Amino acid sequence: MFASNASGTATGIVVGIIVIVLVVLVLSRSVRLVQQGFVGVVKRLGQFNSIRNPGVTFLVPFVDTIVRVDMREEPRLGDLQAVITKDNVSVLVNATIFSQVVDVRLALYEISEYHVAVDQLARTALRAVFGGMTLDEALSERQRINAELQAHMASATEKWGVRLNRIEIVDIVPPQNIVDAMALQKEADQQKRAAILQSEGQQQAAINTAQGQKQANVLRAEGEKQSVILAAEGEKQSVVLRAEGNKEAEVRIGEGHAGAIAAVYAAIHQGNPTP
């Protein structure tokens with residue numbers, strides 16, 4: 001009797017453990033947590049069933065499965081790849097793609113791996129866009145490249161439920177011989193600018209010197225002219241004064257002579273001379 005009670009107790013314990021395990025398993029299969037920024041896509045027996053928003057969600061155990069999809073903007077930096085420009089120059093290019101899932105159902109069921117598809121499409125678009133541009137255009141018009149890449153890829157990614165927010169070219173690496181030639185060209189341009197600036201400076205200095213000499217000559221001539229005028233006026237004034245002095249002296253001499261004659265005449269009359 002004690003043996004039967006012991007075996008019954010053991011059986012009850014085993015059954016209890018099995019029940020607990022089943023409960024835990026059922027709970028783990030029926031309760032899921034979807035983080036903020038993600039959505040959950042529920043598949044029931046392999047078919048699309050519903051989309052669950054962030055938070056706690058409940059599933060039918062052993063029937064439903066859930067796939068979490070990131071709905072945030074996702075930047076992906078591509079690898080350096082060789083592309084050929086319009087003028088047959090091979091350059092290494094990579095770009096950062098900022099994409100975002102906007103339709104979860106299309107992203108999961110219209111294409112197997114939308115991440116891989118976007119990367120491969122970006123490679124094709126880079127070759128197409130750079131193939132229509134020269135090296136100089138590629139190096140100086142990055143905004144144009146970004147816009148053309150986005151326009152080239154947008155129509156394809158929309159069918160996958162993915163939106164391209166923007167594409168940014170990160171690096172454009174020309175061949176070393178092209179880099180050396182560009183450095184030499186830049187140095188030559190700098191020397192040319194320096195020579196032009198130096199010649200313009202010398203020309204301006206010469207002009208300033210000539211203008212200074214001209215102004216000095218004009219001022220010197222005006223000074224000499226003024227000096228001659230002043231000398232002539234001084235000489236004129238001297239002559240006038242000299243003439244006035246001579247005239248006054250002659251008048252005084254005449255007056256002296258007249259006085260002398262009058263005195264002689266008076267003296268003669270006072271002496272009563274005989275005829």
Side-chain angles (χ1 to χ4, degrees), residues 28-60 63-86 90-133 135 137-174:
S28 65
R29 292 278 185 171
S30 61
V31 180
R32 289 288 190 275
L33 180 63
V34 180
Q35 298 291 339
Q36 185 70 35
F38 293 77
V39 296
V41 178
V42 176
K43 291 189 267 186
R44 179 163 295 171
L45 297 177
Q47 294 182 349
F48 174 81
N49 179 262
S50 61
I51 297 175
R52 305 293 174 85
N53 293 321
V56 178
T57 185
F58 297 95
L59 307 175
V60 177
V63 177
D64 292 346
T65 58
I66 187 170
V67 177
R68 294 178 180 84
V69 178
D70 192 348
M71 301 296 292
R72 298 170 297 178
E73 185 179 59
E74 183 179 2
R76 292 195 305 279
L77 177 62
D79 298 330
L80 281 173
Q81 62 171 329
V83 297
I84 299 176
T85 62
K86 186 178 180 179
S90 178
V91 296
L92 296 176
V93 183
N94 68 338
T96 299
I97 304 171
F98 295 85
S99 61
Q100 186 175 12
V101 175
V102 293
D103 192 320
V104 180
R105 188 169 183 176
L106 291 177
L108 290 180
Y109 296 107
E110 287 296 323
I111 192 165
S112 60
E113 294 288 343
Y114 66 87
H115 291 99
V116 177
V118 171
D119 290 339
Q120 294 300 320
L121 182 62
R123 291 176 177 272
T124 304
L126 280 172
R127 294 190 183 96
V129 172
F130 275 85
M133 306 177 68
L135 178 61
E137 292 173 342
L139 294 176
S140 61
E141 300 183 12
R142 293 201 177 194
Q143 294 298 328
R144 172 189 166 190
I145 296 173
N146 297 339
E148 290 188 6
L149 284 172
Q150 187 167 358
H152 195 277
M153 297 175 61
S155 59
T157 57
E158 286 178 359
K159 296 185 297 184
W160 306 333
V162 179
R163 181 179 64 206
L164 292 180
N165 293 332
R166 65 186 185 278
I167 301 175
E168 300 288 344
I169 295 294
V170 178
D171 289 319
I172 301 176
V173 184

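For clarity, every value in this text was computed on a predicted model and none was experimentally measured. Nothing fancy with the numbering, it's 1 onward along the sequence.
Note: M71 CE to Q100 CD = 7.0 Å, rounded to the nearest 0.5 Å. How far CG of L126 is from CG of L121: 9.5 Å, rounded to the nearest 0.5 Å. A distance of 10.5 Å separates CZ of R76 from OG1 of T96, quoted to the nearest 0.5 Å. From F98, atom CZ reaches atom CD of Q150 across 11.5 Å, with rounding to the nearest 0.5 Å. Rounded to the nearest 0.5 Å, atoms CD (Q47) and OH (Y109) are 9.5 Å apart. Between M133 atom CE and E141 atom CD the span is 5.0 Å, to the nearest 0.5 Å.
Considering every non-hydrogen atom in both L164 and S99, the closest pair reads CD2-CB, 3.9 Å. Nearest heavy atom pair, residue V118 against residue M153, reads O-CE, 3.7 Å. Closest approach of R32 to L59, counting heavy atoms only: CG-CD1, 3.7 Å. The heavy-atom pair separating R142 from V170 by the smallest distance is NH1-O, 3.3 Å. Taking every heavy atom of both residues into account, I111 and A117 meet most closely at CD1-CB, 3.1 Å. Closest of all the heavy-atom pairs between P54 and G37 is CG-N, 4.3 Å.
By the 4.5 Å heavy-atom criterion applied to side chains, L149 and I169 are counted as neighbours. No side-chain heavy atom of F48 sits less than 4.5 Å from a side-chain heavy atom of L108. Contact annotation: the side chain of R166 never approaches that of N146 to less than 4.5 Å [non-hydrogen atoms, C-beta and beyond]. By the 4.5 Å heavy-atom criterion applied to side chains, D79 and N94 are not counted as neighbours. Residues I66 and V34 have side chains in contact (heavy-atom distance under 4.5 Å, counting atoms from C-beta outward). Looking at E113 and Q120, their side chains never come closer than 4.5 Å, going by heavy atoms from C-beta outward.
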| Q35 vs R68, side-chain contact (heavy atoms from CB on, under 4.5 Å): CA-CA, chis, key distance, verdict | CA-CA 9 Å; Q35 298 291 339; R68 294 178 180 84; 5.9 Å; no

| request: Determine, stepwise, if the pair E137 / K86 fulfils side-chain contact (heavy atoms from CB on, under 4.5 Å). | output: CA-CA 10 Å; E137 292 173 342; K86 186 178 180 179; 5.6 Å; no

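The only member of D103, V102, V101 that meets side-chain contact (heavy atoms from CB on, under 4.5 Å) when paired with R163 is V102.
In terms of modelled atom types and a separation under 3.5 Å, the side chain of D70 and the main chain of R72 share a donor-acceptor contact. Remark: side-chain polar atoms of E168 are not paired, donor with acceptor, to backbone N or O of I97 under 3.5 angstrom. In this structure, the side chain of D119 does not engage the main chain of G78 through any donor-acceptor pair within 3.5 Å. A donor-acceptor pair is defined here as one N or O able to donate and one able to accept, closer than 3.5 Å; such a pair exists between the side chain of R52 and the backbone of F58.
Around atom CZ of R144, more than 12 heavy atoms belonging to other residues, nucleotides or ligands sit under 6.0 Å away. Atom CG of L80 is surrounded by more than 12 heavy atoms from other residues, nucleotides or ligands within 6.0 Å.
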